[in-house]
Every structure is written in C-alpha cells, then in structure tokens.
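Shown next, in structure tokens, is the structure this report addresses.
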Amino acid sequence: DPRALPGYCLVRAETRYGRHRFFGRQCLERDFAGYHRLPNDCRVRLITRDGARSGFDPGCLRREGYRVRR
C-alpha cells in the first residue's frame, strides 16, 4: 500500500505546550518511498528542549488518506 506509513516513524516530543505525536521527517525520508508526495500542509515543526524537530502531523495525514503500517 503506497499510503501505509511505517509505525516506528511515529514519535513523541515534549514541548512547553505538552506532549505531541508526529511522524519524524528523517525517518520518513529514509524509510517511506512516497516521502516526496506527502502533503506540505501536514508538515509540522516543534521546538523541544533538545531543539527543533520537524515532521508531519498524523491527524492531517490520516485525513489525506494515509494510514499507519504496524
């Protein structure tokens, strides 16, 4: 399935506003062949204690027809 995202790319990050889940950009770039087709509208950038993290919002991707491959 070309819209099945690897579940292990779904990570949690602590921000000053609480815990957020997102698909890590580097993991998807490396392990999801359709990375270049992911919708730009679903991109997120989070500021954590360890610095900025970028990736994709899971709810947004779900609405766009993507799902998690376990």
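Just so it is clear, the model here is predicted, and its values are computed rather than measured.
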Exercise: identify the closest heavy-atom pair between [X] and [Y]:
X     : Y     : value
Val44 : Phe56 : CG2-N, 3.8 Å
Pro39 : Leu61 : CD-CD2, 3.9 Å
Ala13 : Thr48 : CB-CG2, 3.7 Å
Tyr66 : Arg37 : OH-O, 3.6 Å
Ala4  : Arg69 : O-NH1, 3.3 Å

Side chain to side chain, [X] and [Y], heavy atoms closer than 4.5 Å:
X     : Y     : result
Tyr8  : Asp31 : yes
Arg30 : Tyr35 : no
Arg53 : Val11 : yes

First locate atom [atom1] of [X], then atom [atom2] of [Y], and finally report the distance between them rounded to the nearest 0.5 Å.
X     : Y     : atom1 : atom2 : result
Ile47 : Arg49 : CD1   : CZ    : 13.5 Å
Gln26 : Cys9  : CD    : SG    : 10.5 Å
Arg3  : Phe32 : CZ    : CZ    : 8.5 Å
Glu29 : Leu38 : CD    : CG    : 10.0 Å

| request: Quick one: list whatever passes ring-ring contact (aromatic ring centres under 6.0 Å, His included) with Phe22, sequence neighbours left out. | output: none
| query | Out of curiosity, does Leu28 fall in the hydrophobic cluster containing Val68 (side-chain heavy atoms, cut-off under 4.5 Å, transitive links)? | reply | yes
| task | Answer yes or no: are there more than 12 heavy-atom neighbours, outside Glu14 itself, under 6.0 Å from its atom CD? | result | yes
| Enclosure of Arg21 CZ (heavy-atom neighbours >12, cutoff 6.0 Å) | no
| note | With sequence neighbours left out, the residues meeting salt bridge (Lys or Arg N to Asp or Glu O under 4.0 Å) with Arg67 are Asp1
